[in-house]
Amino acid sequence: MRRAYAPYSKFPVGVAGLVDDGRVVTGCNVENAGYGVALCAECGMVSELVATGGGRLVAVYCVGADGQPLMPCGRCRQLLWEHGGPACLLQTPKGVLPMTEVLPQAFGREDLDELAGTAPTEE
C-alpha cells in the first residue's frame with residue numbers, strides 16, 4: 001500500500017496473497033489520469049502470481065492507508081475467484097470469509113466449459 005500510485009484519489013491500496021506453494025504475492029493500486037484505465041491492487045497481485053509461476057491463491061488480505069481490511073470491488077472479486085476459487089479465504093471488514101460468501105453464485109471457467117460442452121483442461 002505504501003508503494004501505491006494514487007495521486008488522484010489519494011486512496012492507496014495494497015494487497016497480499018498466500019499461494020498454495022507458500023509464496024506471497026503482492027500488489028498496489030496504480031491510478032491513471034484516464035480514470036477508467038487505473039489498475040486495482042488485486043490486478044497487480046494476480047499479475048505477479050501469474051508472472052512468477054502461477055498457482056492458486058489460498059488467502060488474500062487487502063488494506064487501505066489506515067491498514068484496515070478493504071472489500072475488493074466486484075471486478076477484483078471475479079479475479080480472486082478465477083485464481084483462488086471457492087475455498088480461497090479473504091480478510092474482509094467483517095472477518096475472514098471464503099470466496100463463496102464474497103462472490104456467491106460466481107461465474108467461472110466451469111460455466112464456460114459447460115456451455116461449450118467441454119471438460120476443463122490443465123495448462
Side-chain angles (χ1 to χ4, degrees):
M1 170 268 305
R2 288 183 183 90
R3 294 184 178 163
Y5 178 73
Y8 307 106
S9 72
K10 308 284 190 255
F11 193 83
V13 177
V15 66
L18 176 63
V19 184
D20 58 2
D21 64 6
R23 283 179 296 137
V24 173
V25 290
T26 61
C28 61
N29 58 323
V30 179
E31 296 180 347
N32 189 285
Y35 294 135
V37 293
L39 298 173
C40 295
E42 296 87 344
C43 293
M45 178 190 67
V46 168
S47 291
E48 183 179 332
L49 171 70
V50 172
T52 60
R56 301 294 286 168
L57 292 168
V58 175
V60 175
Y61 198 145
C62 184
V63 299
D66 61 1
Q68 296 301 305
L70 295 174
M71 180 61 82
C73 69
R75 172 183 173 217
C76 289
R77 292 180 204 190
Q78 183 67 40
L79 266 175
L80 296 177
W81 183 276
E82 180 81 13
H83 296 278
C88 181
L89 299 175
L90 179 65
Q91 176 68 53
T92 75
K94 294 189 176 188
V96 177
L97 297 173
M99 286 302 299
T100 52
E101 290 187 42
V102 175
L103 190 62
Q105 300 182 40
F107 182 85
R109 182 177 186 169
E110 300 78 21
D111 297 294
L112 294 175
D113 292 334
E114 184 178 312
L115 290 173
T118 62
T121 59
E122 291 297 317
E123 296 179 23

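Keep in mind the model is a prediction, meaning the values are calculated, not measured.
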Common cluster, Val15/Val30, ILVMFWY with side-chain heavy-atom separation under 4.5 Å:
no
Between Arg23 (side chain) and Gly54 (backbone), is there a donor-acceptor pair under 3.5 Å?
yes
Do Pro93 and Gln68 come close enough that some side-chain heavy atom pair is under 4.5 Å?
no
Ser47: partners by side-chain contact (heavy atoms from CB on, under 4.5 Å), with sequence neighbours left out:
none
Report the distance from atom NE2 of His83 to atom CD of Glu42, rounding to the nearest 0.5 Å.
12.0 Å
Should Leu89 and Leu18 count as side-chain neighbours, where that means a heavy-atom distance under 4.5 Å?
no
Ignoring hydrogens and angles, tell me if any N or O in the side chain of Asn29 forms a donor-acceptor pair with the backbone of Ala38 under 3.5 Å.
no
For Glu82, give me all partners under side-chain contact (heavy atoms from CB on, under 4.5 Å), at least two apart in sequence or on another chain.
none
Passing candidate, side chain to side chain contact (heavy atoms under 4.5 Å, CB included) with Leu79, options Val60, Leu49, Val46
Val46
I'd like to check Met71 versus Leu90 (side-chain heavy atoms, cut-off strictly below 4.5 Å). Are they in contact?
yes
Can you measure from CH2 (Trp81) to OG1 (Thr100) and round to the nearest 0.5 angstrom?
6.0 Å
Could you check whether any side-chain heavy atom of Arg2 comes within less than 4.5 Å of a side-chain heavy atom of Pro12, counting everything from C-beta outward?
no
Gap separating the CZ atom of Arg75 from the SG atom of Cys40, nearest 0.5 angstrom
5.5 Å
From Leu70 CG over to Gln91 CD, what is the distance, rounded to the nearest 0.5 angstrom?
11.0 Å
If you measure from OG1 on Thr26 to CD on Glu48, what distance do you get to the nearest 0.5 Å?
4.5 Å
Should Met45 and Met1 be regarded as members of a common hydrophobic cluster, given that ILVMFWY residues are connected when their side-chain heavy atoms come within less than 4.5 Å of each other, either directly or indirectly?
no
Cys28 versus Tyr5: any side-chain heavy-atom pair under 4.5 Å?
no
Tell me the closest heavy-atom pair linking Gly67 and Tyr61, and the distance in Å.
O-OH, 4.3 Å
Closest non-hydrogen contact found for Val19 with Val58 is C-CG2, 3.9 Å
For the student: nearest non-hydrogen atoms of Pro72 and Leu80, plus distance:
CG-CD1, 4.0 Å
